[in-house]
K.L.:
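I'd like to ask you about the structure that follows.
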Amino acid sequence: MSEDAPQSPTPEEERPTRPAILRGFRRRCPNCGEGGLFQGYLKVVDRCPVCREELYHHRADDGPAYLTILIVGHLLAPVIHIGFTRFRPEPLVMATVLTVAAVALSLYLLPRLKGLVVGIQWARRMHGFGKPQ
């Protein structure tokens, strides 16, 4: 972390979406990819500690939660079907295993998907991210 950290791009500069999404998914600043995006589990930092990019503009709201439910549901639905038809476990065992899997997968995905949404908003200059400094 040197004094010559990357500066925030000017509004005329292009912000590529794919790198911003990948950086957000890794829970890193969508601008530099080095600074942490979160303070705690889901609280987005106001400014990147490395490049000083303002990140308080984000409006992720319920989007990451909906995406998490969608992905977890689509991943576990075939597991429920195949697991029950092939192995015929006791319902309580199956419910316990699937509950633990759903909670663990949700806790893993939620901050990553929030970072992804913040990255998209930053790259597309949504919700105040495109204001001239």
Side-chain angles (χ1 to χ4, degrees):
M1 291 188 224
S2 67
E3 301 269 327
D4 301 325
Q7 298 297 318
S8 298
T10 61
E12 295 80 31
E13 290 179 12
E14 184 169 334
R15 294 177 175 175
T17 304
R18 183 179 168 98
I21 288 173
L22 294 174
R23 290 171 181 163
F25 190 80
R26 289 190 337 253
R27 299 175 296 158
R28 298 287 173 203
C29 170
N31 183 39
C32 68
E34 294 180 25
L37 185 59
F38 296 109
Q39 167 188 339
Y41 182 62
L42 286 176
K43 169 87 169 90
V44 177
V45 295
D46 289 338
R47 287 182 179 271
C48 172
V50 176
C51 69
R52 308 302 297 161
E53 177 73 22
E54 292 179 346
L55 298 170
Y56 64 87
H57 301 292
H58 80 90
R59 294 290 176 262
D61 299 329
D62 291 336
Y66 290 127
L67 289 173
T68 300
I69 292 168
L70 181 75
I71 292 170
V72 170
H74 279 83
L75 290 176
L76 290 184
V79 172
I80 293 168
H81 176 69
I82 293 168
F84 188 73
T85 56
R86 284 213 174 159
F87 304 110
R88 295 286 183 188
E90 291 293 321
L92 190 56
V93 171
M94 188 167 178
T96 303
V97 169
L98 289 172
T99 299
V100 170
V103 169
L105 192 55
S106 297
L107 289 174
Y108 176 79
L109 285 175
L110 188 58
R112 286 157 179 79
L113 292 174
K114 185 168 184 174
L116 179 140
V117 170
V118 171
I120 290 171
Q121 291 176 356
W122 177 85
R124 301 286 171 94
R125 301 179 189 278
M126 298 167 66
H127 307 296
F129 279 119
K131 283 192 224 173
Q133 300 290 335

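All values reported here derive from a predicted model rather than from experimental measurement. Numbers here are sequence positions counted from 1.
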K.L.:
Is Gln121 reaching over with its side chain to a backbone N or O of Arg59, donor-acceptor style, under 3.5 angstrom?
P.N.:
yes

K.L.:
Out of curiosity, His57 NE2 to His127 NE2, how far, rounded to the nearest 0.5 Å?
P.N.:
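So the gap between those two atoms works out to 12.0 Å.
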
K.L.:
Is Val79 reachable from Phe84 through a run of hydrophobic residues whose side-chain heavy atoms are each under 4.5 Å from the next?
P.N.:
yes

K.L.:
In the structure I gave you, are the side-chain heavy atoms of Ile80 and Met94 within less than 4.5 Å of one another anywhere?
P.N.:
yes

K.L.:
When you group the ILVMFWY residues by side-chain heavy-atom contacts below 4.5 Å and let the links chain together, are Leu105 and Leu67 in the same group?
P.N.:
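Per the 4.5 Å side-chain linkage, Leu67 and Leu105 are co-clustered.
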
K.L.:
Distance check, rounded to the nearest 0.5 Å: Glu34 atom CD versus Cys48 atom SG?
P.N.:
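Here the rounded value is 8.0 Å.
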
K.L.:
Taking the side chain as every heavy atom from C-beta outward, state whether Pro30 and Ile120 have any atom pair closer than 4.5 Å.
P.N.:
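A side-chain contact is absent here, since even the closest heavy-atom pair is not under 4.5 Å.
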
K.L.:
With the side chain counted from C-beta on, respond yes when Phe129 and His58 share a heavy-atom pair under 4.5 Å apart, and no when they do not.
P.N.:
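Answer yes - side chains close enough.
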
K.L.:
Can you name the nearest heavy-atom pair linking Leu107 to Tyr41, along with the distance?
P.N.:
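Looking at all heavy atoms of both residues, the shortest contact is O-OH, 2.7 Å.
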
K.L.:
Let me confirm one number: the CG-CG distance from Leu70 to Leu113, rounded to the nearest 0.5 Å.
P.N.:
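If I round to the nearest 0.5 Å, the distance is 9.5 Å.
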
K.L.:
Under 6.0 Å from the CZ atom of Arg124, do we count more than 12 heavy atoms belonging to anything else shown?
P.N.:
no

K.L.:
According to a 4.5 Å side-chain heavy-atom criterion applied to Ile, Leu, Val, Met, Phe, Trp and Tyr, with indirect links allowed, do Ile21 and Val117 form part of one hydrophobic cluster?
P.N.:
yes

K.L.:
Are Arg27 and Phe25 in a cation-pi setup, meaning NZ or CZ lies under 6.0 angstrom from the ring centre and within 45 degrees of the ring axis?
P.N.:
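Judged by the rule (NZ or CZ under 6.0 Å from the ring centre, within 45° of its axis), Arg27 is not positioned above Phe25.
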
K.L.:
Kindly indicate whether the side chain of Val44, heavy atoms from C-beta on, has any atom under 4.5 Å from the side chain of Lys114.
P.N.:
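In contact.
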
K.L.:
Please give me the minimum heavy-atom distance between Cys29 and Glu53, naming the atom from each residue.
P.N.:
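Distance-wise, the nearest heavy atoms are SG-CB, 4.4 Å.
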
K.L.:
Would you name the heavy atoms of Ala102 and Ser106 that are closest together and state the gap between them?
P.N.:
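In this case the closest contact between Ala102 and Ser106 is O-OG, 2.7 Å.
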
K.L.:
Val45 and Leu55: which non-hydrogen atoms are nearest, and at how many Å?
P.N.:
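Looking at all heavy atoms of both residues, the shortest contact is O-CB, 3.4 Å.
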
K.L.:
Look up atom CG in Asn31 and atom CG in Leu37, then write down how far apart they are to the nearest 0.5 Å.
P.N.:
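That separation rounds to 11.5 Å.
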
K.L.:
Side-chain heavy atoms nearer than 4.5 Å, only ILVMFWY residues, links allowed to pass through others: does that put Tyr108 and Leu116 together?
P.N.:
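In one cluster with Tyr108: Leu116, yes.
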
K.L.:
Using every non-hydrogen atom in the two residues, find where Leu76 and Leu98 come nearest and quote the distance to one decimal.
P.N.:
CD1-O, 4.1 Å

K.L.:
Could you tell me whether the side chain of Arg23 and the main chain of Gly119 form a donor-acceptor pair under 3.5 Å?
P.N.:
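Side chain of Arg23 to backbone of Gly119: no pair is present.
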
K.L.:
Minimum heavy-atom separation for Ala123 to Pro16, with atom names?
P.N.:
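Looking at all heavy atoms of both residues, the closest pair is CB-O, 4.0 Å.
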
K.L.:
May I ask whether Phe38 and Trp122 are part of the same hydrophobic cluster, defined by side-chain heavy atoms of I, L, V, M, F, W, Y residues being less than 4.5 angstrom apart, directly or through others?
P.N.:
yes

